[in-house]
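Input: a single structure, listed below in structure tokens.
Keep in mind it's a predicted model, so treat the numbers as computed, not measured.
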Amino acid sequence: MKTTAKLNMLVVVAATALILVLVNMAIWGKERHLAEGQAVYLELAPVDPRSLMQGDYMALNFEVGNRIRDALYSARLEGGERQTANGHVVVRLDDRGIAHLQRLGSAEEALGGDEMPLRYRLRNGQVRFATDAFFFQEGHAERYEPARYGQFRVNERGEPLLVSLHNDELELLGEMER
């Protein structure tokens, strides 16, 4: 009986250690992504709901996502290509770092010097990048009303992580008053 208890304890300790290692690796990967990813701005498309259950937030929709959806629809009409749930597009960055859709593509495609892949997900007919909402402290909605761009950090595989929201002049929104 004692060996069974010891074996069970060993399994619990090993499983806990494995879980902690995996969680820490995921955190390290996200931190590395944020630190080393290229800053890219995506223009916001108008959306402005409020969730009573979740507090204040801004639903995010991006102009480049609308263009991707239109390009996918056109490709389907022209060639009968089936829309996939996930994919990559090629975007060109202007001198301010704002992404502009160039074409539907893939992560392995040869790119020009001012181009990069950008990964998207297609969910319920909508194109999504990393997230579709930006949550902020209740009562601070006015700080985010002038939001016109979302800043993402994009890694070498084209995977975006939302960092912050910015106005027309790409000034950071939402910093706390000191």
Side-chain angles (χ1 to χ4, degrees), residues 30-76 83-107 109 111-177:
K30 295 292 184 191
E31 286 180 354
R32 183 171 169 240
H33 187 153
L34 290 171
E36 297 176 5
Q38 182 174 355
V40 174
Y41 294 93
L42 298 182
E43 183 178 0
L44 294 172
V47 176
D48 188 31
R50 173 173 156 66
S51 171
L52 296 176
M53 296 299 288
Q54 296 172 311
D56 284 344
Y57 79 101
M58 179 181 291
L60 300 177
N61 188 26
F62 298 95
E63 187 58 37
V64 72
N66 293 340
R67 295 186 189 285
I68 292 168
R69 188 187 64 233
D70 294 345
L72 289 169
Y73 181 73
S74 294
R76 186 172 184 192
Q83 294 178 348
T84 59
N86 299 311
H88 284 83
V89 294
V90 176
V91 296
R92 179 188 54 78
L93 301 181
D94 66 16
D95 58 341
R96 296 181 359 153
I98 298 170
H100 302 277
L101 178 65
Q102 293 301 115
R103 62 190 173 277
L104 299 176
S106 70
E109 183 175 337
L111 303 172
D114 60 348
E115 294 180 332
M116 67 184 310
L118 186 62
R119 184 175 181 264
Y120 68 87
R121 296 173 295 135
L122 190 60
R123 299 291 186 268
N124 299 321
Q126 297 295 314
V127 175
R128 300 285 176 226
F129 303 98
T131 185
D132 62 354
F134 184 82
F135 291 87
F136 46 85
Q137 187 175 350
E138 192 167 334
H140 291 133
E142 68 281 350
R143 292 181 182 178
Y144 298 95
E145 286 175 4
R148 298 296 173 261
Y149 294 93
Q151 184 193 57
F152 288 82
R153 291 292 180 158
V154 180
N155 66 14
E156 65 280 350
R157 293 183 309 273
E159 298 168 346
L161 282 178
L162 181 64
V163 176
S164 54
L165 296 180
H166 297 257
N167 66 14
D168 281 327
E169 303 302 318
L170 299 182
E171 294 168 340
L172 179 64
L173 299 176
E175 288 193 329
M176 301 298 289
E177 289 105 21

Legend entry - Audit row: Met116, Val91, side-chain contact (heavy atoms from CB on, under 4.5 Å) steps and yes/no: CA-CA 6 Å; Met116 67 184 310; Val91 296; 3.6 Å; yes
Inset, instruction - Test Leu72 against Arg69 for side-chain contact (heavy atoms from CB on, under 4.5 Å), laying out the working first. - result: CA-CA 5 Å; Leu72 289 169; Arg69 188 187 64 233; 5.6 Å; no
Inset, instruction - Please assess Leu42 against Leu118 for the test side-chain contact (heavy atoms from CB on, under 4.5 Å), listing each intermediate value before the final yes or no. - result: CA-CA 11 Å; Leu42 298 182; Leu118 186 62; 4.1 Å; yes
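Between the side chain of Arg153 and the main chain of Gly37, a donor-acceptor pair closer than 3.5 Å is present.
Taking the side chain as every heavy atom from C-beta outward, Arg123 and Asn86 approach each other to under 4.5 Å. A heavy-atom distance below 4.5 Å is found between the side chains of Phe129 and Ile68. Contact check for His166 versus Leu172: side-chain heavy atoms found under the 4.5 Å cut-off. For the pair Arg103/Val90, a side-chain contact is recorded, criterion being any heavy-atom separation below 4.5 Å from C-beta on.
In terms of heavy atoms, Leu162 sits closest to Ala130 at N-CB, 4.3 Å. Nearest heavy-atom pair across Pro117 and Val154 is O-CG1, 4.0 Å. Taking all atoms of both residues into account, the shortest heavy-atom contact from Arg121 to Thr131 is NH2-N, 4.1 Å. The nearest pair of heavy atoms linking Tyr41 to Gln151 is OH-NE2, 3.1 Å. Considering all non-hydrogen atoms of both residues, Asn66 and Ala45 come closest at ND2-CB, 3.6 Å.
Note: His88 NE2 to Arg119 CZ = 6.5 Å, rounded to the nearest 0.5 Å. The CG atom of Leu165 sits 4.5 Å away from atom CZ of Phe134, with the distance rounded to the nearest 0.5 Å. Here the CG-NZ distance, from Asn155 to Lys30, works out to 8.5 Å after rounding to the nearest 0.5 Å. The distance from atom CG of Leu173 to atom CZ of Arg148, rounded to the nearest 0.5 Å, is 9.0 Å.
Partners of Glu36 by salt bridge (charged side-chain N to carboxylate O under 4.0 Å, His left out), not counting sequence neighbours, listed by chain and number: Arg32. Shown here are the salt bridge (charged side-chain N to carboxylate O under 4.0 Å, His left out) partners of Arg67, two or more places apart in sequence or in another chain: Glu63. Judged as a ring pair (Phe, Tyr, Trp, His ring centres under 6.0 Å), and not counting sequence neighbours, Tyr149 has no contacts.
When each of Val64, Asn61, Leu122 is paired with Val127, the side-chain contact (heavy atoms from CB on, under 4.5 Å) condition holds for Leu122 and for no other.
Within the 6.0 Å centre-distance limit, the rings of Phe62 and Phe152 are counted as a close aromatic pair.
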